[in-house]
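All values derive from a computational prediction rather than experimental measurement. So you know, we letter chains A, B, ... as the sequences are listed, proteins then strands, and number each from 1.
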Amino acid sequence: MLPTPDLSHLTSQDYRNVYEPSEDTFLLLDSLEEDQEYIKQLKPKICLEIGSGSGCVITFLGQIVGKNSVYITTDINPEAAKITQKTGKQNNIKIDAINTDLVNGILPRLENSIDIICFNPPYVITESSDINSSLIAASWAGGIKGREVTDRVLPYIPKLLAPGGSFYLLLIQDNKPQEIVEIMESYNLKYQLIKKRKAGIEQQFVLKFTKPL
Amino acid sequence: MRLITHNMLQCHVKGCTKDNFPLKLEEIEIEELEAEFNADFIKSMLNRLDWKALAQTTFSLGIAQLPEEMPEELSDEMLEQLHHILLEIDITSGRMVCQGCNHVYPIRNGIPNMLLTESEV
Ligand SMILES: C[S@@+](CC[C@H](N)C(=O)[O-])C[C@H]1O[C@@H](n2cnc3c(N)ncnc32)[C@H](O)[C@@H]1O
Ligand SMILES: [Zn+2]
């Protein structure tokens with residue numbers, strides 16, 4: 001078992017504006033851990049987390065992959081970007097956090113360049129108007145089907161992934177994961193279910209999509 | 001933000017397709033970092049770099065004078081220099097200006113802000 005990243009530098013004050021690692025976060029960590037042999041043999045050069053929040057996931061990925069990779073993150077919430085960078089520092093992983101919407105600002109430059117992408121999106125079904133209604137609402141409010149934010153980023157994933165690279169995506173049953181599988185397969189990505197767990201009444205999944213070599 | 005990451009960022013204002021990369025760094029503050037040197041890692045990163053943009057940026061900052069094109073063979077000395085440029089120069093504040101449309105992307109607390117307003121997207 002790999003240790004979870006040290007988050008002792010964060011306080012409840014920080015979690016007022018930034019998503020506190022929760023069951024979904026930990027399911028993503030468990031998935032990366034379970035898949036670590038695959039991840040290591042990829043020898044990732046560039047890893048990206050979209051919507052990094054506390055930075056827990058990218059830091060954990062950094063612990064698996066090691067020093068010989070570049071870790072970049074995006075978040076629409078500037079507070080999250082700051083905290084992500086701090087979490088990296090606390091755990092000795094250099095993270096370059098970017099304050100942006102999804103993957104804006106790295107395309108087309110990073111086409112075919114990213115080996116691992118992770119995303120634990122805002123996935124709760126809400127009114128569309130709830131999305132981004134506050135810093136913290138942006139962390140969970142997903143609009144229609146809880147999918148509005150996720151769906152916007154999907155077309156960029158096959159562009160960004162390096163050949164052989166993978167995208168790890170957390171979803172819940174309400175998001176209709178099967179539909180996402182169909183979308184991603186239409187982009188020629190290979191699908192695999194990595195983990196499935198019930199958290200309260202919420203059925204959570206981690207899906208992995210891989211770009212052919 | 002290290003220079004390696006600066007090398008990956010470009011302007012994404014709607015309709016800005018010319019001279020949108022690299023973004024020009026202005027009024028920046030730099031902090032030097034210390035990173036472990038690994039020649040193989042630097043070599044393996046080369047095909048993910050935009051060399052011309054790196055040469056242009058380091059020249060305009062007065063940090064280095066890299067050859068305009070990536071050399072076929074890189075000496076150990078050159079690899080160490082690249083290591084320093086890419087991984088040990090952290091830009092803590094300043095701004096990035098698009099040479100195509102003049103859009104300004106600020107950098108604060110080491111974090112570039114690539115967000116645009118609705119009308120720019
Ligand atoms: C469910 S939280 C996950 C946080 C963290 N990755 C984790 O697993 O604990 C979703 C994150 O996505 C960010 N986010 C929401 N919409 C975004 C967007 N359009 N672009 C970038 N990040 C976004 C939120 O600010 C939040 O940090
Ligand atoms: Zn521009």
Visitor: Could you tell me which of A:Ile76, A:Val70, A:Ile95, A:Ile72 has the largest number of non-hydrogen atom pairs under 4.5 Å with chain B?
Guide: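 With the most close heavy-atom pairs to chain B, the winner is A:Val70.
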Visitor: What closest approach, in Å, do A:Asp35 and A:Ile194 show between heavy atoms, and which atom pair accounts for it?
Guide: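 Shortest heavy-atom separation between A:Asp35 and A:Ile194 comes out as OD2-CD1, 3.9 Å.
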Visitor: List in chain and number order the residues that pass side-chain hydrogen bond (donor to acceptor under 3.5 Å, both in side chains) with A:Ser166, two or more places apart in sequence or in another chain; answer none if no residue qualifies.
Guide: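 Scan of A:Ser166 (side-chain hydrogen bond (donor to acceptor under 3.5 Å, both in side chains), adjacent residues dropped) gives A:Tyr38, A:Thr210.
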Visitor: List for me each residue that meets side chain to side chain contact (heavy atoms under 4.5 Å, CB included) alongside A:Val124, sequence neighbours excluded, and say none if there are none.
Guide: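 Partners of A:Val124 by the side chain to side chain contact (heavy atoms under 4.5 Å, CB included) criterion, ordered by chain and then number, come out as A:Thr126, A:Trp140.
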Visitor: Scan chain A against chain B and return every donor-acceptor pair whose distance is under 3.5 Å.
Guide:
| from | atom 1 | to | atom 2 | distance (Å) |
| --- | --- | --- | --- | --- |
| A:Asn68 | OD1 | B:Asn38 | ND2 | 3.3 |
| A:Lys94 | NZ | B:Asp90 | OD2 | 3.3 |
| A:Asp96 | OD1 | B:Arg2 | NE | 3.4 |
| A:Asp96 | OD2 | B:Arg2 | N | 3.2 |
| A:Asp96 | OD2 | B:Arg2 | NE | 3.3 |
| A:Asp96 | OD2 | B:Thr5 | OG1 | 2.2 |
| A:Asn99 | N | B:Pro112 | O | 3.0 |
| A:Asn99 | O | B:Met114 | N | 2.8 |
| A:Gly105 | O | B:Gln10 | N | 2.8 |
| A:Arg109 | N | B:Gln10 | OE1 | 2.8 |
| A:Arg109 | NE | B:Asn7 | O | 2.7 |
| A:Arg109 | NH1 | B:Arg48 | O | 3.3 |
| A:Arg109 | NH2 | B:Asn7 | O | 3.4 |
| A:Arg109 | NH2 | B:Asn7 | OD1 | 2.8 |
| A:Arg109 | NH2 | B:Arg48 | O | 2.7 |
| A:Ser113 | O | B:Arg48 | NH1 | 2.7 |
| A:Asp115 | OD1 | B:Arg48 | NH1 | 3.4 |
| A:Asp115 | OD1 | B:Arg48 | NH2 | 3.3 |
| A:Asp115 | OD2 | B:Arg48 | NH1 | 2.7 |

Visitor: I need the minimum non-hydrogen distance between A:Leu61 and A:Cys47, along with the two atoms involved.
Guide: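 Distance-wise, the nearest heavy atoms are CD2-CB, 3.8 Å.
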Visitor: Are A:Ile117 and A:Tyr168 packed together at the side-chain level, in the sense that at least one heavy-atom pair is separated by less than 4.5 angstrom?
Guide: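 The answer is no; the side chains never approach within 4.5 Å.
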Visitor: Under the salt bridge (charged side-chain N to carboxylate O under 4.0 Å, His left out) rule, what do A:Glu185 and A:Lys190 come out as? Steps first, then yes or no, please.
Guide: CA-CA 6 Å; A:Glu185 283 181 342; A:Lys190 205 172 95 282; over 6 Å; no
Visitor: Side chain, backbone, both or neither: which part of B:Ile4 has a non-hydrogen atom closer than 4.5 Å to chain A?
Guide: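 Side chain only.
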Visitor: Quick one: what part of A:Leu110 sits under 4.5 Å from any heavy atom of chain B, side chain, backbone, both or neither?
Guide: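 For A:Leu110, the contact with chain B is made by the side chain alone.
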Visitor: Residues two or more places apart in sequence or in another chain: which of them pass side chain to side chain contact (heavy atoms under 4.5 Å, CB included) with A:Ser12?
Guide: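 Expected list: none.
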Visitor: Contact part of B:Leu33 toward chain A, heavy-atom cut-off under 4.5 Å: side chain, backbone, both or neither?
Guide: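 Only the side chain of B:Leu33 comes within 4.5 Å of chain A.
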Visitor: Just wondering, do A:Ile157 and A:Ile50 contact through their side chains at under 4.5 Å, heavy atoms?
Guide: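 Yes, at least one pair of side-chain atoms sits under 4.5 Å.
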